[in-house]
Amino acid sequence: MASSIIIPWIFYIQILAISSKAIAAVPAIIVFGDSSIDSGNNNYLPTLAKCNFEPYGRDFPGGTPTGRFCNGRLPPDFVSEGFGLKPIIPAFLDPTFSISDFATGVCFGSSGAGYDNSTAAILKVFPLWKQVEFFKDYQTKLRAYLGDEKANEVISEALYIISVGTNDFLINYYNFPQRRAQFTIPKYEDFLIGNAEDFIRKIYGLGARKLSLTGLPPMGCLPLQRTLNLKHPHSCSEERNKVALEFNEKLKVLVVKLMIELPGLEVLYTDVYELLSQLITQPSQYGFEVAEAACCGTGLFETGILCNRLTPYTCLDADKYVFWDAFHPSERANKIMSDDMLPSLKLAFL
């Protein structure tokens with residue numbers, strides 16, 4: 001009788017050990033991109049593209065405005081927690097964190113960045129090439145902290161989240177004439193895809209092997225884009241949504257190409273378009289009350305410095321809103337999208 005009790009417990013312990021080993025297969029989350037993932041690097045830049053002030057961060061642990069363009073946490077924070085790591089991904093430039101913190105997760109992202117270097121230049125933020133330089137600096141510090149063998153293991157087994165591209169269209173192409181004079185929309189998409197490929201090849205050369213490449217959201221349905229839609233006021237810009245879908249299809253082709261050409265590379269295309277579209281078109285099914293406008297201010301145009309503690313009309317409960325400001329989802333929307341991503345990420349990388 002004793003043996004019949006012991007055997008199941010031994011089996012249970014073995015299962016726990018296997019699960020623990022699986023979780024350890026992703027020792028760190030390393031993040032590149034724009035404001036969809038920037039956890040505060042822009043705080044250390046003389047740029048308008050930052051939000052280290054109230055009411056940003058009001059639902060973040062401690063009510064702290066960290067530089068995240070959100071009322072709370074971002075998708076990489078939730079993904080990190082979902083992989084059994086820490087619940088926040090710190091910004092690489094944040095002096096309150098050290099390499100011991102960054103060893104299990106770090107963000108090099110910069111709000112306002114794009115695949116196109118000229119996009120980052122508009123708001124004087126860190127372009128992708130500079131984020132790669134941060135990654136190199138990180139590796140030097142990580143090797144000094146963990147030793148070469150352990151650091152190389154972290155670098156090769158880490159999950160790399162890449163989320164960028166929306167600004168290339170909404171901040172750059174549609175607002176400034178230079179790129180429009182050089183490229184049609186399809187040619188600009190191809191130009192960005194070429195830059196994305198160059199970027200991935202660079203971090204692959206530096207040891208990255210497990211990548212989550214995030215597609216564009218339904219950018220024509222962001223509250224600011226609705227406000228700017230003069231042909232159909234307060235409606236989604238279907239033309240801009242179409243561009244996002246076209247670009248996403250090209251990203252998927254790039255994923256296949258890179259996995260064929262780069263030995264050992266694993267890339268998961270992560271779709272945010274479909275689910276965010278559902279949150280926007282069917283908000284009540286997900287417990288939201290408002291999807292066409294944001295929580296901050298009027299919800300029609302406020303983002304960054306226009307969304308501050310003196311901005312009138314800011315909602316009391318951001319959980320009722322799909323969008324926190326006119327450009328960025330609320331924490332609750334981020335959580336729903338992250339929970340949707342996690343099974344695919346775990347299946348691909350654990």
Side-chain angles (χ1 to χ4, degrees), residues 17-33 37-39 41 75-77 79-110 126-164 195-214 254-255 257-270 341-342 344-350:
I18 291 168
S19 300
S20 179
K21 186 177 180 181
I23 290 292
V26 174
I29 306 291
I30 298 176
V31 189
F32 295 90
I37 52 79
D38 180 8
S39 53
N41 286 308
D77 298 316
V79 170
S80 176
E81 186 174 43
F83 272 93
L85 299 171
K86 59 196 174 192
I88 65 163
I89 299 291
F92 183 61
L93 297 183
D94 190 335
T96 63
F97 295 95
S98 68
I99 190 60
S100 62
D101 302 297
F102 300 146
T104 55
V106 62
C107 175
F108 304 118
S110 181
F126 297 119
L128 281 181
W129 69 261
K130 183 62 176 179
Q131 295 181 36
V132 172
E133 293 302 307
F134 288 150
F135 183 38
K136 292 177 182 177
D137 185 23
Y138 166 76
Q139 291 191 357
T140 299
K141 292 175 179 176
L142 191 67
R143 290 189 173 103
Y145 175 64
L146 295 177
D148 287 352
E149 183 177 352
K150 181 62 177 176
N152 290 340
E153 181 182 333
V154 169
I155 292 163
S156 65
E157 295 296 332
L159 169 59
Y160 293 79
I161 295 176
I162 302 163
S163 180
V164 66
N195 288 351
E197 179 175 351
D198 290 344
F199 166 71
I200 291 171
R201 287 183 181 275
K202 284 176 183 174
I203 63 171
Y204 172 84
L206 293 168
R209 292 295 182 270
K210 300 178 178 181
L211 277 59
S212 169
L213 185 61
T214 308
L254 176 62
V255 166
K257 175 186 178 184
L258 290 173
M259 288 181 67
I260 291 171
E261 295 181 2
L262 299 178
L265 180 67
E266 301 173 70
V267 188
L268 179 69
Y269 168 78
T270 303
M341 297 174 197
L342 271 168
S344 296
L345 289 171
K346 289 182 177 181
L347 184 63
F349 300 120
L350 285 183

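What's counted below: heavy atoms across the whole structure, side chains too, no hydrogens, waters or symmetry copies. As the structure is a computational prediction, the values presented were derived from the model and not from experiment. Along the sequence shown, residues are numbered consecutively beginning with 1.
- Residues passing the ring pair (Phe, Tyr, Trp, His ring centres under 6.0 Å) test with Phe32, sequence neighbours excluded: Phe108, Phe135, Phe199.
- Between Ser156 and Arg209, the shortest heavy-atom distance links the atoms O-CB, 3.6 Å.
- What you find for Val26 and Leu85 is that their closest heavy atoms are O-CD1, 3.6 Å.
- How far NZ of Lys202 is from NZ of Lys136: 8.0 Å, rounded to the nearest 0.5 Å.
- Listed here is the closest heavy atom pair of Leu258 and Glu197: CD2-CG, 3.9 Å.
- Using a cutoff of 4.0 Å between basic side-chain nitrogens and carboxylate oxygens, Lys141 and Asp137 are scored as salt-bridged.
- Remark: the backbone N or O of Glu149 is not paired with any side-chain donor or acceptor of Asn152 at under 3.5 angstrom.
- Under the rule for a salt bridge (charged side-chain N to carboxylate O under 4.0 Å, His left out), Glu266 has no partner lying at least two apart in sequence or in another chain.
- Taken from CD1 in Ile99 to OH in Tyr145, the straight-line distance is 8.0 Å, to the nearest 0.5 Å.
- Here Ile30 contributes atom CD1 and Gln139 contributes atom CD; the two are 7.5 Å apart, rounded to the nearest 0.5 Å.
- For the atom pair CG (Leu213) and CD1 (Ile161), the distance works out to 11.5 Å, reported to the nearest 0.5 Å.
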Residues 88-95, side-chain donor-acceptor partners within the protein, below 3.5 Å, at least two apart:
unit_1: Asp94; atom_1: OD1; unit_2: Thr96; atom_2: N; d: 3.0
unit_1: Asp94; atom_1: OD1; unit_2: Thr96; atom_2: OG1; d: 2.7
unit_1: Asp94; atom_1: OD2; unit_2: Thr96; atom_2: OG1; d: 3.4

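- Ion pairing between Lys130 and Glu133 fails under the 4.0 Å rule for side-chain N and carboxylate O.
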